[in-house]
Structures are given as structure tokens and as C-alpha cells.
Amino acid sequence: MVPVQGIAGIFGPSCEACGELALAELHSADGILGRPVELVVVDGGRAPTQVAQEVAQLWRAGRIDAIVGWHISAVRKEILRLVGGQLPYVYAALHEGEFRTPGLFMIGESPSSQVLPALDWLRRNRGAERWCVVGNDYIWPRQLASHAVAHLAGTRMTHCGSTFLPLGTRDFEPTLRWLETTACDAVLVLLIGDDAVRFGRVFSRRGLDTTMVRFSPILEENQVLGMGATATANMYAAAGYFDSLVTAATADFAGRYHRVLGDTAPVLNSIGQSCYEAMTLLAALADRAGSLGVSPIQAAADGLVMDATRGTLRLTDNRVDQDIYLASAGALDLDVVDRIHHV
């Protein structure tokens with residue numbers, strides 16, 4: 001389940017391509033539990049209730065045995081309301097860190113390992129002391145902002161204010177005027193997909209990129225390309241994977257990706273790669289449990305350790321801990337500059 005329309009649709013091609021790679025590799029082995037695997041693609045870029053209803057219909061019709069993919073947390077919440085606990089659900093997106101549903105496994109980055117260390121790094125290395133928050137108005141940005149604001153207070157940095165905008169916002173003029181009045185020197189950007197691209201462009205045209213550091217935990221390679229070479233100054237991201245991350249595992253993954261999908265495949269990024277990781281984790285959980293049932297998988301899950309593209313993944317309390325890297329946006333790419341969280 002990945003977004004193929006809406007503001008998060010910019011992530012869709014990379015997500016689908018990485019899912020296709022995982023499928024090809026499962027087919028070249030034994031599938032899952034010795035059975036062939038089929039991807040049933042659900043468009044997670046629509047209204048949350050619409051997405052959840054389609055998933056519930058597929059489940060009642062016996063068309064699906066598990067859910068994997070990347071989509072915003074508002075979609076996840078609605079899916080859990082209809083089918084939570086009924087089938088395994090590997091959620092690939094970075095998350096706000098709160099969940100207690102049997103069979104739900106969160107493999108994305110958590111606030112404590114991703115955002116908070118990044119704020120500290122930017123304070124030490126870029127002098128970012130006074131922070132504003134600009135985010136979309138739904139669960140993930142608001143809860144992540146709450147974690148960040150508490151951390152700023154605890155480390156004697158300053159929270160200069162927050163603003164939350166509807167998904168699909170096109171007029172950022174009031175937000176830019178507000179930022180100019182705050183005397184902040186850094187902005188935590190919690191805007192999704194196309195909203196982040198549009199905001200990045202006007203932020204730069206306003207000249208704010210010369211006076212303010214930007215950090216976004218969801219910034220990835222497609223958005224950097226979308227903003228353009230002149231809109232990415234003083235902008236940083238944090239994630240468990242970047243296309244520029246150089247390790248033996250990432251080089252091998254990129255090689256397999258392009259061998260299977262060709263040199264014109266969608267750009268590799270943390271969001272697409274997390275979909276690949278979600279499918280491989282589902283296979284590992286099923287293999288360990290000998291079943292795709294929620295109860296057997298839940299019983300077998302705790303303590304699972306998997307060597308993956310992102311390094312060693314450790315599953316504890318249905319969530320994955322992983323190494324996190326900080327990257328600086330260049331003209332058309334994200335360059336890893338440091339590791340800020342180590343498993």
C-alpha cells in the first residue's frame with residue numbers, strides 16, 4: 001500500500017519499484033512459507049477512510065494475507081480501526097512512536113532516534129538554537145512536533161512557535177511572513193511530499209535559506225530534485241537510508257535494484273527502500289513463526305535480528321531500532337555527513 005496520487009504521490013514510483021525488487025527476490029527463493037507471493041497494490045494516497053475500506057474489502061474477500069507499505073499515519077490509523085489485529089501489518093513509514101496493536105510492526109524511524117539527535121547535531125555543528133515548526137495538520141506532524149518541542153525545552157534551545165497547514169496547501173505567504181517575525185534561526189519542516197517541495201521553493205525565493213537552517217525528517221531525493229538546485233541551501237535530512245550512503249550493503253542493494261529494474265528506474269530513497277525492507281521483514285517474521293497468523297507472528301517477533309540493507313535491524317516491542325544518518329542537501333542530492341544514532 002503506497003501513495004500513487006495526492007501530495008505524497010511523489011514517493012509512489014520509488015515505493016512501487018522497491019516493492020517489485022522485493023517480489024522478484026522472494027520469487028527467486030521460496031516465496032513466503034514456500035508459497036508464491038502476489039502484490040496487490042492499494043493506492044494509499046486517497047482519503048484515509050477510502051483506503052481503509054478497500055483494504056477491509058480485500059481482507060474479507062480473502063484477497064490479502066498481510067499489509068505492507070508506506071503511507072501517512074492518518075491512513076494507518078483508519079486501517080487499524082477496521083482491520084487492526086486481523087492480519088500482519090508492516091508499516092514502513094517513519095512514525096510518531098505510539099502504537100499497541102497486535103500484528104502491527106513499525107520499521108520506520110522513531111522520533112527519539114531520528115529527530116531529537118538531529119536537533120542536537122544541528123545545534124552543535126550549525127548553531128541552530130531557535131526553532132520554529134512548520135508542518136501539515138494531522139497526527140504525525142503534530143505528535144512529532146510535541147516530541148521536538150519538549151526536547152528543545154529540555155536542552156535549553158528555544159521553541160519560537162509552530163504552525164500546521166492543511167494537506168495540499170499552495171499559499172505559503174502567511175507562513176513566510178510569520179517566520180520572518182520570529183527571529184528563529186532554524187525550521188523543523190514537517191510537510192509531506194509536494195507540500196514540502198512547494199514550500200522549499202518559495203522559502204528559497206524569499207531568501208530565508210540564507211538566514212535559517214532547515215531540517216526535515218521526511219526529506220528525500222525526489223523532493224530535492226523537485227525543489228531544484230537553487231532551493232536546497234542549508235537544508236538537512238535524517239533517515240536510516242540514503243542513496244548516497246556508502247556501505248557494502250547499500251552498494252549491493254543499489255546494484256540489485258538497477259539490475260532488476262534498469263538504469264531508468266525511479267530514484268532510490270529512504271521511503272522506497274523502507275518498502276523493500278517491510279516485505280523482507282514480513283518474510284522473516286513468517287519464517288520464524290511458521291505462519292502468517294497474527295498470534296504466531298506476534299509470539300515469535302520479539303528479539304528478531306535481521307541483517308538488512310540498513311544494517312542490523314533489531315525488533316523489540318513491535319518496532320525496529322536502526323542506525324540513523326544525517327544528510328545535507330546538495331544541488332540535486334542528499335550527501336550523508338554523519339551517523340547520529342547507532343544501534
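In what follows, every heavy atom counts, from backbone to side chain, and hydrogens, waters and symmetry copies are set aside.
Between Leu179 and Phe203 there is a side-chain heavy-atom pair separated by less than 4.5 Å. Taking 4.5 Å as the limit, some side-chain heavy atom of Asp209 sits within range of a side-chain heavy atom of Arg214. Residues Asn136 and Pro166 fail the side-chain proximity criterion, which asks for heavy atoms closer than 4.5 Å. For the pair Gln86/Arg60, no side-chain contact is recorded, criterion being any heavy-atom separation below 4.5 Å from C-beta on. The side-chain heavy atoms of Tyr89 and Ile79, taken from C-beta on, include a pair separated by under 4.5 Å. Side-chain contact between Thr158 and Leu152: absent, with no pair of heavy atoms (C-beta onward) separated by less than 4.5 Å.
Looking at Thr247, its side chain does come within 3.5 Å of a backbone N or O of Thr250 through a donor-acceptor pair. Distance alone, capped at 3.5 Å, places no donor-acceptor pair between the His95 side chain and the Ser73 backbone. For Arg130 (side chain) and Cys160 (main-chain N/O), no donor-acceptor pair under 3.5 Å exists by modelled atom type. Using a distance-only test at 3.5 Å, with no hydrogens or angles considered, no donor-acceptor pair links the side chain of Glu78 to the main chain of Ala52. Between the side chain of Thr309 and the backbone N or O of Phe253 there is no donor-acceptor pair closer than 3.5 Å. Side-chain N or O atoms of Asn222 include none that pairs as donor or acceptor with a backbone N or O of Phe11 at under 3.5 Å. Judged by distance alone, the side chain of Gln114 and the main-chain N or O of Pro217 form a donor-acceptor pair under 3.5 Å. Distance alone, capped at 3.5 Å, is enough to place a donor-acceptor pair between the Gln223 side chain and the Glu220 backbone. At distances below 3.5 Å, not a single donor-acceptor pair connects side-chain atoms of Thr169 with backbone N or O atoms of Asp171. For Asp185 (side chain) and Met212 (main-chain N/O), no donor-acceptor pair under 3.5 Å exists by modelled atom type.
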Assess the residue pair Arg310 and Gln273 against the criterion (side chain to side chain donor-acceptor pair (under 3.5 Å)); give the C-alpha distance rounded to whole Å, side-chain angles, the decisive distance to 0.1 Å, and a yes or no. CA-CA 9 Å; Arg310 296 183 176 218; Gln273 196 278 333; 2.6 Å; yes

Can you list the steps and then say if Asn269 with Glu221 is a side chain to side chain donor-acceptor pair (under 3.5 Å)? CA-CA 6 Å; Asn269 62 354; Glu221 288 79 354; 5.1 Å; no

Check the pair Leu190, Val134 against side-chain contact (heavy atoms from CB on, under 4.5 Å), reporting the backbone distance first and the verdict last. CA-CA 6 Å; Leu190 303 177; Val134 177; over 6 Å; no

Could you check Trp140 against Leu94 for side-chain contact (heavy atoms from CB on, under 4.5 Å), going step by step and ending with a plain yes or no? CA-CA 9 Å; Trp140 176 77; Leu94 61 171; 3.5 Å; yes

Dump the intermediate steps for side-chain contact (heavy atoms from CB on, under 4.5 Å) on Arg46 and Glu54, then the final yes or no. CA-CA 11 Å; Arg46 297 166 296 163; Glu54 181 176 350; 2.6 Å; yes

Using the rule given for side chain to side chain donor-acceptor pair (under 3.5 Å), can you reason through Arg100 versus Asn318, listing the C-alpha separation, both sets of side-chain angles and the distance that settles it, and then say yes or no? CA-CA 8 Å; Arg100 287 291 183 273; Asn318 285 31; over 6 Å; no

Determine, stepwise, if the pair Tyr236 / Arg126 fulfils side chain to side chain donor-acceptor pair (under 3.5 Å). CA-CA 11 Å; Tyr236 294 84; Arg126 291 303 314 274; 2.8 Å; yes

For a side-chain contact (heavy atoms from CB on, under 4.5 Å) check, start with the C-alpha distance between Asp321 and His341, then their side-chain angles and the critical distance, and finish with the verdict. CA-CA 10 Å; Asp321 196 14; His341 176 76; 2.9 Å; yes

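Ion pairing of Glu96 with Lys77 is absent here, as no side-chain N (NZ or NE/NH1/NH2) approaches a carboxylate O to less than 4.0 Å. Ionic pairing of Glu129 and Arg156 is not present here: no N-O contact between side-chain nitrogen and carboxylate oxygen is shorter than 4.0 angstrom. Between Arg256 and Asp252 there is a salt bridge, with a side-chain nitrogen of the basic residue lying less than 4.0 Å from a carboxylate oxygen of the acidic one. Residues Arg177 and Glu180 are not paired through a salt bridge, judged by the lack of any N-O separation under 4.0 Å between the basic side chain and the carboxylate. Of the charged side-chain nitrogens involved, none lies within less than 4.0 Å of a carboxylate oxygen, so that Glu109 and Arg319 do not count as a salt-bridged pair.
Rounding to the nearest 0.5 Å gives a distance of 13.5 Å between CH2 of Trp70 and SG of Cys18. Note that NE2 of His147 and CG of Leu119 are 12.5 Å apart. Values are rounded to the nearest 0.5 Å. Going from atom CD of Gln53 over to atom CG of Leu58 covers 12.0 Å, rounded to the nearest 0.5 Å. Taken from CD1 in Ile218 to CG in Leu191, the straight-line distance is 9.5 Å, to the nearest 0.5 Å. Here the straight-line distance linking atom CE of Met227 with atom CZ of Phe199 works out to 9.0 Å at 0.5 Å rounding. The distance from atom CE of Met1 to atom SG of Cys15, rounded to the nearest 0.5 Å, is 11.5 Å.
In this structure, Tyr91 and His71 approach most closely via the heavy-atom pair OH-O, 2.6 Å. Closest of all the heavy-atom pairs between Ser204 and Thr230 is OG-O, 2.8 Å. Nearest approach of Leu326 to Ala118, heavy atoms of both residues: CD1-CB, 3.9 Å. Looking at every heavy atom in both residues, Leu144 comes nearest to Pro111 through CD1-CG, 3.3 Å. Between Arg288 and Asp302, the closest heavy-atom pair is NH1-O, 3.6 Å. Across all non-hydrogen atoms, the minimal contact from Phe215 to Ala237 is CE1-C, 3.8 Å.
Checked by atom type, the side-chain pair Glu277/Tyr241 shows no donor-acceptor distance below 3.5 Å.
In the hydrophobic clustering of this structure, Val189 does not group with Val224; members are Ile, Leu, Val, Met, Phe, Trp, Tyr whose side-chain heavy atoms approach within less than 4.5 Å, directly or through other members. In the hydrophobic clustering of ILVMFWY residues, with side-chain heavy atoms under 4.5 Å counting as a link, Val336 and Leu332 come out apart. No path of Ile, Leu, Val, Met, Phe, Trp and Tyr side chains, each step under 4.5 Å between heavy atoms, connects Leu188 with Phe172, placing them in separate hydrophobic clusters. Clustering ILVMFWY residues whenever any of their side-chain heavy atoms sit less than 4.5 angstrom apart, transitively, puts Val115 in the very cluster that holds Trp131. In the hydrophobic clustering of this structure, Leu80 groups with Val75; members are Ile, Leu, Val, Met, Phe, Trp, Tyr whose side-chain heavy atoms approach within less than 4.5 Å, directly or through other members.
Here salt bridge (charged side-chain N to carboxylate O under 4.0 Å, His left out) pairs that include residues 137-155, with residues two or more places apart or in two chains, are Asp137-Arg142. Each salt bridge (charged side-chain N to carboxylate O under 4.0 Å, His left out) pair with one or both residues in residues 329-339, not counting sequence neighbours, appears once here: Asp323-Arg339.
Remark: aromatic rings of Tyr138 and Phe164 are distant, center separation not under 6.0 Å.
When hydrophobic residues (I, L, V, M, F, W, Y) are linked wherever their side-chain heavy atoms come within less than 4.5 Å, the members clustered with Ile107 are Leu23, Leu26, Ile32, Leu33, Val37, Leu39, Val68, Val90, Phe105, Met279, Leu281, Leu282, Leu285, Leu292, Ile297, Leu304, Met306, Leu313, Leu315, Val320.
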